[in-house]
Amino acid sequence: VRPDLCILDVMMPVMTGIEACRAIRERSDGQHLPVLMLTGRNDLAAISDAYGAGASDFAQKGLNPRLLVERVRFLLRDQQLQNELWSSRSKLLLAQRIARVGHWELDLEGRSLGLSPMTAVLLGVEARALAGYDHFIDRLDPAEQDTVREAFRACAAGSGGFSFDHRLRVLRDVELCLHQEAELIQPSSASDSGMVLVTLQDLTRLRDAEENVHRLSYFDTATGLHNRRHLLEQMSESPVLPFAIDRGRHALFLDFDGTLVEIAERPDAVRLGPEARAALSYLRMAMDGAVAIGTGREIPDIDHYMSPLS
């Protein structure tokens with residue numbers, strides 16, 4: 001039987017209502033069950049014992065049946081709201097665990113008011129070890145600590161939020177790319193002083209993925225050398241070859257797949273700046289489509305430059 005609500009009388013045979021309520025709360029499926037306790041008029045001791053045993057509410061015996069029905073409806077509606085709140089919190093914690101995001105509530109002095117379980121997981125400590133924001137600052141690089149501390153003080157004073165990216169070593173061989181955002185939550189009443197909400201996110205996997213994509217895009221997987229795409233972008237964005245030639249220097253290009261020869265023969269097929277286009281005339285000297293030499297003058301003995309490569 002899984003009841004939605006339980007009504008108990010303080011005075012019952014075999015087991016009193018207080019004992020029954022305490023037994024219900026000891027069950028895993030009865031910790032959040034609404035319990036309405038019926039007591040005698042002005043029985044303050046029984047009311048105190050009922051709340052101590054875990055009763056949700058109480059009503060006097062002889063109460064008008066309509067009022068009793070409304071009291072039951074109120075408890076059921078309150079239980080529904082509690083269930084929705086619990087469901088939302090569970091979904092939030094699951095989403096934070098998947099995204100590796102944690103939040104931390106701090107008062108304006110930096111003392112901890114509450115934090116999500118993922119915050120402690122990200123920092124590799126027990127939640128009770130994070131008594132204040134200074135405990136987090138102490139784990140940062142010494143060069144960052146003063147800047148982050150001043151940013152928190154400015155945020156608490158109402159000067160705006162802040163954002164930082166940190167490299168944080170949580171274990172001996174584990175280093176995290178940790179992103180931090182913070183903002184001031186304004187007080188909801190005159191008696192409330194507000195709080196600073198700090199959000200921490202582990203971006204290590206994202207950064208590793210970005211570096212892997214960059215490596216696959218710009219480097220040859222077999223040799224680890226720069227590939228054709230990297231060469232084209234370098235020539236388009238940073239054409240240094242003409243300046244090297246103007247200083248009487250030489251540039252040697254190993255062209256294993258014929259990229260440079262292809263560029264020299266079809267300059268319009270590649271988007272290059274004017275300086276890079278001017279350098280194409282120096283790439284036209286090729287040997288079997290494998291080597292191109294860029295130089296400001298003639299090279300009488302090409303074998304002299306190739307012998308170290310053979």
Side-chain angles (χ1 to χ4, degrees), residues 28 31-32 54 78 81-215:
S28 59
Q31 295 178 358
H32 304 288
D78 180 70
L81 293 176
Q82 293 291 335
N83 291 338
E84 292 175 355
L85 179 62
W86 179 262
S87 176
S88 298
R89 184 176 186 276
S90 299
K91 293 175 182 177
L92 174 62
L93 294 179
L94 176 60
Q96 289 187 343
R97 187 163 63 250
I98 294 174
R100 295 187 64 79
V101 175
H103 69 269
W104 194 0
E105 299 172 1
L106 301 147
D107 66 13
L108 302 186
E109 300 298 325
R111 292 184 293 264
S112 181
L113 300 175
L115 57 97
S116 64
M118 183 51 61
T119 301
V121 172
L122 292 178
L123 300 180
V125 298
E126 296 289 337
R128 60 176 177 271
L130 297 173
Y133 193 65
D134 283 337
H135 290 81
F136 169 71
I137 293 179
D138 292 341
R139 302 174 64 86
L140 300 178
D141 188 292
E144 299 179 309
Q145 293 181 4
D146 289 341
T147 302
V148 175
R149 186 176 288 107
E150 289 301 322
F152 180 87
R153 291 172 180 169
C155 179
S159 299
F162 61 86
S163 173
F164 291 106
D165 288 314
H166 308 288
R167 286 279 185 175
L168 187 66
R169 187 170 296 277
V170 294
L171 297 174
R172 179 177 300 177
D173 299 324
V174 178
E175 185 179 70
L176 295 183
C177 295
L178 197 67
H179 180 70
Q180 178 186 190
E181 295 274 353
E183 62 178 325
L184 177 66
I185 305 300
Q186 297 294 340
S188 57
S189 63
S191 60
D192 188 8
S193 59
M195 68 176 183
V196 177
L197 179 63
V198 175
T199 302
L200 301 175
Q201 183 176 17
D202 178 12
L203 299 180
T204 307
R205 296 177 182 176
L206 177 61
R207 297 292 170 82
D208 290 345
E210 291 176 348
E211 292 177 0
N212 190 43
V213 170
H214 181 270
R215 184 170 57 254

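- Between the S116 side chain and the H103 main chain, a donor and an acceptor come within less than 3.5 Å of each other.
- Residues E150 and R153 share a closest heavy-atom pair of OE2-NH1, 2.9 Å.
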Exercise for the section: Report the C-alpha separation of V125 and R139 in whole Å, then their side-chain angles, then the decisive distance to 0.1 Å, and conclude whether the side chain to side chain contact (heavy atoms under 4.5 Å, CB included) test is met. Expected result: CA-CA 11 Å; V125 298; R139 302 174 64 86; 3.4 Å; yes
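- Nearest heavy atom pair, residue L178 against residue L123, reads CD2-CD2, 4.1 Å.
- Take R215 and apply the salt bridge (Lys or Arg N to Asp or Glu O under 4.0 Å) test, not counting sequence neighbours, and it matches no residue.
- Taken to the nearest 0.5 Å, the CD atom of E211 stands 7.5 Å off from the SG atom of C177.
- Put simply, the side chain of S163 never gets that close to the backbone of E181: no donor and acceptor are under 3.5 Å apart.
- One distance of note links CD1 of I98 with CE of M118; it measures 9.5 Å at 0.5 Å rounding.
- Taken to the nearest 0.5 Å, the CG atom of L113 stands 7.5 Å off from the CE atom of M195.
- Residue pairs that meet the ring pair (Phe, Tyr, Trp, His ring centres under 6.0 Å) test with at least one member in residues 138-165, sequence neighbours left out, are Y133-F152, F162-F164, F164-H166.
- No donor-acceptor distance shorter than 3.5 angstrom exists from the side chain of S87 to the backbone of N83, with no hydrogens or angles considered.
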Exercise for the section: Determine, stepwise, if the pair L184 / Q186 fulfils side chain to side chain contact (heavy atoms under 4.5 Å, CB included). Expected result: CA-CA 6 Å; L184 177 66; Q186 297 294 340; 3.6 Å; yes
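- Residues A120 and L130 come closest through the heavy atom pair CA-CD1, 4.3 Å.
- Shown are L197, T199, V198; of these, the side chain to side chain contact (heavy atoms under 4.5 Å, CB included) with W104 is made only by V198.
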Exercise for the section: Evaluate the side chain to side chain contact (heavy atoms under 4.5 Å, CB included) criterion for residues Q180 and V148: first the C-alpha distance (whole Å), next the side-chain angles of each, then the deciding distance (0.1 Å), finally the verdict. Expected result: CA-CA 10 Å; Q180 178 186 190; V148 175; 4.2 Å; yes
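- Smallest separation of non-hydrogen atoms from G161 and C155: CA-SG, 4.0 Å.
- We find the CG-CD1 distance between L106 and I185 to be 11.5 Å, quoted to the nearest 0.5 Å.
- For the pair L140 and Q145, the tightest heavy-atom approach, listed with the atom from each and the gap, is O-NE2, 3.1 Å.
- Distance CZ/R100 to NE2/H179: 15.5 Å, rounded to 0.5 Å.
- The distance from the CG atom of D146 to the CD atom of E144 is 11.0 Å, given to the nearest 0.5 Å.
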Practice task
Please assess D208 against R205 for the test salt bridge (Lys or Arg N to Asp or Glu O under 4.0 Å), listing each intermediate value before the final yes or no.
Solution key: CA-CA 5 Å; D208 290 345; R205 296 177 182 176; over 6 Å; no
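- In this structure, the side chains of D165 and R207 come closer than 4.5 Å at one or more pairs of heavy atoms.
- No side-chain heavy atom of H32 sits under 4.5 Å from any side-chain heavy atom of W86.
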